[in-house]
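Here the structure is laid out as structure tokens; the discussion comes afterwards.
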Amino acid sequence: PIDTTEAGRIFQQARELAKLGQVDEACELFTRSYSLDPALGTAVNLADCLERQGHLLRAWALFDVVARNSQNLQNRAKFARQRAGALLARLSMVIVKLHDPGIAGLEVRIGNREMTPATEIHDLIEPGDVELVVTAPGRPAFKTTLHAVAGATVAVEVPAFAALPEEPAGTISRRRRSRVYLAGGLGAAGAIGLGVSLGFAISAKRTYDGAFD
């Protein structure tokens, strides 16, 4: 349930903190207010706060939401579109091309976000190095590091997955037999070693007794 009263109270506190330049504290309260009541006015303030913190992608997403849902408030929609456009130039576009997106169990992860497999995946990321990981059951994983630059596009083509070769019939049983033989050999070697050690002990005892005799 939406708690507009509590959300409004927290929103006003966040506004005061933002005016005082306490960005981190303001962002925390804007986030709480938005979780209680996802109002577009709160979204604009939260987006502005996140941009100041350096969270460009999250800020762009909120400005984009406000721009697309403020048809009745043209000034707000225009403002949000301008801010979203400015942030877009500071982000990087990633295009991942998959040869076989229909493989069962296929997983695609860009950074810490899981993507829906498709022939082409388009995603915005912040500049920097981001790891791309594509995995499928029973197949070798594809991993690479994306070097994202602001305003640029990074395209990656993931080659077709090759199934891991199946082991010939009887390989597993042969492995098990070899392990049994190895265990038996080690056991026999241990028994022989124990017998030799016992023989040395008896001989030493006789020599010791003979010396005193």
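Within 6.0 Å of CG on Asn75 lie no more than 12 heavy atoms contributed by other residues, nucleotides or ligands.
A pairwise comparison of heavy atoms in Arg68 and Gln71 identifies O-NE2, 2.8 Å as the closest pair. A pairwise comparison of heavy atoms in Cys49 and Ala26 identifies SG-C, 4.0 Å as the closest pair. Closest heavy-atom contact between Cys27 and Leu50: SG-N, 3.8 Å. Between Pro101 and Leu98 the shortest heavy-atom distance is CD-O, 3.8 Å. The shortest non-hydrogen separation linking Ser70 to Ala77 is O-CB, 3.5 Å. In plain terms, the two heavy atoms of Arg76 and Gly41 that are nearest each other are NH1-N, 3.7 Å.
Residues Met115 and Leu146 share a hydrophobic cluster, clusters being chains of Ile/Leu/Val/Met/Phe/Trp/Tyr side chains in contact below 4.5 Å. Val66 and Phe30 fall into different hydrophobic clusters, defined by Ile, Leu, Val, Met, Phe, Trp and Tyr side-chain heavy atoms under 4.5 Å apart, directly or through other members. A single hydrophobic cluster is seen to contain both Ile125 and Leu132, as judged by linkage of ILVMFWY side chains at heavy-atom distances under 4.5 Å, directly or through other members. In terms of hydrophobic clustering, with Ile, Leu, Val, Met, Phe, Trp and Tyr side chains grouped at heavy-atom distances under 4.5 Å, Val94 and Leu87 are assigned to different clusters. Tracing side-chain contacts under 4.5 Å through hydrophobic residues (I, L, V, M, F, W, Y), one never reaches Leu62 starting from Leu40; they form parts of separate clusters.
With a 4.5 Å cut-off on side-chain heavy atoms, Glu25 and Leu20 do not count as touching. Counting heavy atoms from C-beta on, the side chains of Phe79 and Phe63 come closer than 4.5 Å. Looking at Met93 and Leu91, their side chains never come closer than 4.5 Å, going by heavy atoms from C-beta outward. Side-chain atoms of Ser35 and Thr31, non-hydrogen and from C-beta on, never get closer than 4.5 Å to each other. Side-chain contact check for Arg83 versus Val44: every heavy-atom pair is 4.5 Å or farther apart. Here the side chains of Val154 and His147 are not in contact, with every heavy-atom distance at 4.5 Å or above. Side-chain contact between Ser92 and Val149 is absent, with no heavy-atom pair separated by less than 4.5 Å. Annotation: side chain of Glu51 is in contact with side chain of Arg90 (closest heavy-atom distance under 4.5 Å).
In this structure, CD in Glu28 is found 11.0 Å from CD in Gln13, a value given to the nearest 0.5 Å. Taken to the nearest 0.5 Å, the CG atom of Leu29 stands 11.5 Å off from the CD atom of Glu16. The CZ atom of Arg109 sits 5.0 Å away from atom CD of Glu114, with the distance rounded to the nearest 0.5 Å. For the atom pair Asp24 CG and Gln53 CD, the distance stands at 5.0 Å (nearest 0.5 Å). Once rounded to the nearest 0.5 Å, the distance linking CZ of Arg32 with OG1 of Thr42 reads 13.0 Å.
Under the side-chain hydrogen bond (donor to acceptor under 3.5 Å, both in side chains) criterion, Asn45 pairs with Arg15, not counting sequence neighbours.
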Practice item. Would you sort out whether Asp123 and Arg113 count as a side-chain contact (heavy atoms from CB on, under 4.5 Å), showing the intermediate values? Key: CA-CA 10 Å; Asp123 189 37; Arg113 291 184 297 149; 2.5 Å; yes

Exercise for review: Run the numbers on Ile110 and Val130 for side-chain contact (heavy atoms from CB on, under 4.5 Å), then give the verdict.
Suggested key: CA-CA 7 Å; Ile110 300 177; Val130 179; 3.8 Å; yes

Exercise for review: Please step through side-chain contact (heavy atoms from CB on, under 4.5 Å) for the pair Leu88 and Leu124, ending with a clear verdict.
Suggested key: CA-CA 9 Å; Leu88 196 60; Leu124 285 172; 3.6 Å; yes

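Defined by atom type and a distance below 3.5 Å, a donor-acceptor pair is present between the side-chain atoms of Glu157 and His99.
Distance alone, capped at 3.5 Å, places no donor-acceptor pair between the Asp64 side chain and the Trp60 backbone. Without hydrogens or angle criteria, Glu126 side chain to Leu57 main chain gives a donor-acceptor distance under 3.5 Å.
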